[in-house]
Amino acid sequence: MRVWLALALALLCSVLLLGSSAVRAATSPSPVGTKCYGYKEFRSSSTICEYRYGQPFVLKGYSKGGPSTLSYAVKCGNGPAWPMKSAAIDRRAWYRRSTIVRGAFSVYGAKGTPLAAKHCVAANGKAPLLTAKLKMSKTVTRTNLVVRMDSSLPWGD
């Protein structure tokens, strides 16, 4: 029963990154829910989410004015503090995928991500983290990225 409750609460995670100049991050209102943190760098938007349950996820949004590179990875984190500092995240990615997106897009997480998350837990009890980055090309004028985790979503290739 607790596992199902935790999974249901984790579904509430969504992060909204709007425009090329603004970033907003939303966290689940539940203490057992998934936490997410979004931040902005030059010509890119990034998001870090707890990925405890190894559930399916989708990265949705758009890239207006040209192509953007959408990358996501599963990394291990050392620290429990939020927002996560880059020093607390291991550099090595246990799963990584990158694709070029243009216009409206929906990219579903690949089936290899839960195995990478299990590795983090097995490696000294580290926390698995899902990192997503939308890097804009010079011609892109506006982007939007939403990260949604939901056990009812399908897996990607």
Side-chain angles (χ1 to χ4, degrees), residues 7-30 33-79 81-117 120 127-157:
L7 284 173
L9 293 172
L11 300 177
L12 299 174
C13 174
S14 69
V15 175
L16 180 62
L17 301 176
L18 289 173
S20 59
S21 63
V23 176
R24 281 192 231 160
T27 60
S28 170
S30 166
T34 302
K35 295 178 189 172
C36 293
Y37 174 68
Y39 59 96
K40 181 80 176 148
E41 297 173 334
F42 180 70
R43 302 202 62 77
S44 71
S45 299
S46 300
T47 303
I48 301 169
C49 293
E50 285 181 327
Y51 192 56
R52 290 185 186 160
Y53 307 108
Q55 60 190 313
F57 60 91
V58 64
L59 307 172
K60 293 176 89 172
Y62 61 84
S63 174
K64 215 174 198 180
S68 292
T69 304
L70 177 65
S71 306
Y72 67 90
V74 175
K75 296 181 178 185
C76 301
N78 296 323
W82 279 90
M84 292 294 293
K85 305 271 188 225
S86 59
I89 301 172
D90 293 349
R91 290 180 182 252
R92 181 175 183 187
W94 291 98
Y95 185 88
R96 182 177 305 220
R97 186 168 181 211
S98 183
T99 186
I100 303 294
V101 293
R102 182 186 300 261
F105 62 86
S106 290
V107 175
Y108 291 91
K111 292 180 184 177
T113 55
L115 291 175
C120 292
L129 302 170
L130 176 66
T131 61
K133 186 173 194 172
L134 184 61
K135 187 172 183 182
M136 303 179 292
S137 68
K138 291 180 181 179
T139 60
V140 174
T141 59
R142 189 170 176 175
T143 60
N144 180 33
L145 175 63
V146 175
V147 177
R148 188 175 133 228
M149 293 185 203
D150 189 339
S151 57
S152 66
L153 290 169
W155 286 105
D157 295 330

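- Annotation for P154 and P56: closest pair O-CB, 4.1 Å, computed over non-hydrogen atoms.
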Between Y95 and L115, is the side chain to side chain contact (heavy atoms under 4.5 Å, CB included) condition met? List the steps. CA-CA 9 Å; Y95 185 88; L115 291 175; over 6 Å; no
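- In this structure, W155 CH2 and Q55 CD are separated by 8.0 Å, a value rounded to the nearest 0.5 Å.
- For the pair D90 (side chain) and R92 (backbone), a donor-acceptor distance under 3.5 Å is absent.
- Between the CG atom of L70 and the OG1 atom of T143 there is a distance of 10.5 Å, given to the nearest 0.5 Å.
- The two residues G66 and T139 come nearest to each other via the heavy atoms CA-OG1, 3.7 Å.
- Considering every non-hydrogen atom in both T47 and C49, the closest pair reads CG2-SG, 3.8 Å.
- Side chain of R43 to main chain of K135: no donor-acceptor pair is present (N/O by atom type, distance under 3.5 Å, no hydrogens or angles).
- Side-chain contact between P114 and Y51 is present, with at least one heavy-atom pair separated by less than 4.5 Å.
- The two residues T113 and F57 come nearest to each other via the heavy atoms OG1-CE2, 3.8 Å.
- Rounded to the nearest 0.5 Å, atoms OG (S44) and OH (Y39) are 7.5 Å apart.
- The shortest non-hydrogen separation linking S71 to S98 is OG-OG, 3.1 Å.
- Here the CG atom belonging to L145 is positioned 5.5 Å from the CG atom belonging to L134, to the nearest 0.5 angstrom.
- Here CZ of R142 is found 12.0 Å from OG of S63. Values are rounded to the nearest 0.5 Å.
- The OG1 atom of T99 sits 9.0 Å away from the OH atom of Y72 when rounded to the nearest 0.5 Å.
- Shown here for C76 and L129, the closest heavy-atom pair between the two residues is C-CD1, 4.5 Å.
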